[in-house]
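Here the structure is a predicted model, which is why all the values come from computation and not from measurement. Scope of the values below: all heavy atoms of this structure, side chains included, with no hydrogens, waters or symmetry mates. Lettering of chains follows the sequences in order, A, B, ..., and the numbering in each one begins at 1.
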Number of protein chains: 2
Amino acid sequence: MLAKITEYAIRALVFIEIQNQQGARPGVKDIAREIASPEAYTGKFMQLLTKHGLVRSMKGRGGGFFFDQNIRPLNLQKIVLVLEGEAYFNKCGLGFNGCDSHEPCPIHKDYIRVKQELFDLFEKLTIEGLANDVKKGLAVLKK
Amino acid sequence: MLAKITEYAIRALVFIEIQNQQGARPGVKDIAREIASPEAYTGKFMQLLTKHGLVRSMKGRGGGFFFDQNIRPLNLQKIVLVLEGEAYFNKCGLGFNGCDSHEPCPIHKDYIRVKQELFDLFEKLTIEGLANDVKKGLAVLKK
DNA sequence: ATAAATAAAGATATATAGGTCTTTTTATAT
DNA sequence: ATATAAAAAGACCTATATATCTTTATTTAT
Ligand code: SF4
Ligand code: SF4
């Protein structure tokens, strides 16, 4: 449903949000530990998130990751778009090329509805909101 | 959303259903042409479908693929289960190992709902039904 | 029986996703 | 200024999904 890298990214960003609220800027090591992701790989995908402006980073002693305030609200849609490409929301169903409703694939009618709900959901869910759930103990970042 | 092989499989089976209803047993070549899939690869995944009992085959002159009547109704759930594994329906959200609602990941609450709808949809959609849509011109198998 | 048609099997190739390791650059505390 | 801590960059490695090609086994028409 979501690529592994996207799963990691969401959890990482939620953790950063929580830490930021407490005035801390977690580094790659902290993140990897907290979300149970491979450390080296964590560096790689954090680099990607930074390059795409989803989060910011500071090198050097005392550095780490943090949010630029003007990216808010940071919803999952933005993250999925960067990591999975817009094909995730456009291309669907049976994988035709030029998908339109004029010559739909056999599953179009019902499928498009579920797809739309997922789209709406990813728009509604924000890193800030998810972080709140975790802080309130309603959700966890690793198992 | 669905692996490419699953997309191919669904379209192939819908085509076979239509042909069967007209008393024909299409072969790999016909299928590949009709659903716009690579011919050699089509042989491979048809082999897989046959091995898992989703469809039957006859070798030799006049052979081809056809349905055993006692697999009906053949819904998409069965197909997805074979090709993507049951993880497709179980494992979800942020990819935790032991997923339960006691210690949910941050997106659990809303995500599980969409997931369930998809599950229900795949149960409702059958090869027979989809074939009907195609026959009525409400859907097409390739573009 | 033989030839033709066809799926099955298996070996191989290619692309993409996922992951690791090493080196370089940058920032800051001292 | 220097040492240290941290992210960035880039070269690799590995596994999986996707795809192709060649050969073999099976069925049926003749
Ligand atoms: S569901 Fe609709 S948009 Fe998606 S592949 Fe099928 S026809 Fe195209
Ligand atoms: S949505 Fe629920 S079941 Fe799915 S990964 Fe999150 S906690 Fe687990």
What residues in residues 46-69 of chain B put a non-hydrogen atom under 4.0 Å from any atom of DNA chain D?
B:M58, B:K59, B:G60, B:R61
Roughly, in whole Å, what's the span from CG in A:L83 to P in C:dA17?
11 Å
Could you tell me how far apart A:F45 (CZ) and D:dA7 (P) are, to the nearest whole angstrom?
12 Å
For residues B:L13 and B:F65, determine if any side-chain heavy atom of one lies less than 4.5 Å from a side-chain heavy atom of the other.
no
Salt bridge B:E17-B:K135, side-chain N to carboxylate O under 4.0 Å:
no
Is any side-chain heavy atom of B:Y111 less than 4.5 Å from a side-chain heavy atom of B:L94?
no
Rounded to whole Å, the OH-P distance (A:Y88 to C:dA17) equals 14 Å
Taking the six-membered ring of A:Y88 as reference, does the NZ or CZ atom of A:K115 fall below 6.0 Å from its centre and within a 45° cone about the axis?
yes
Between the side chains of A:D120 and A:Q116, is a donor N or O closer than 3.5 angstrom to an acceptor N or O?
yes
Just how far, in rounded Å, is C1' of D:dA19 from CD of B:E7?
15 Å
Close approaches to DNA chain C from residues 19-42 of chain A, in residue order (heavy atom, under 4.0 Å)
A:P38, A:A40, A:Y41
Are the side chains of B:P26 and B:N20 in contact, using a 4.5 Å heavy-atom criterion?
yes
Search all heavy atoms of B:V14 against all heavy atoms of B:A131 and return the closest pair with its distance.
CG1-CA, 3.7 Å
Once hydrogens and angles are ignored, does a donor-acceptor distance under 3.5 Å link the base of C:dG19 to the side chain of A:K4?
no
Taking the side chain as everything from C-beta on, heavy atoms only, tell me whether A:L83 gets closer than 4.5 Å to A:L48.
yes
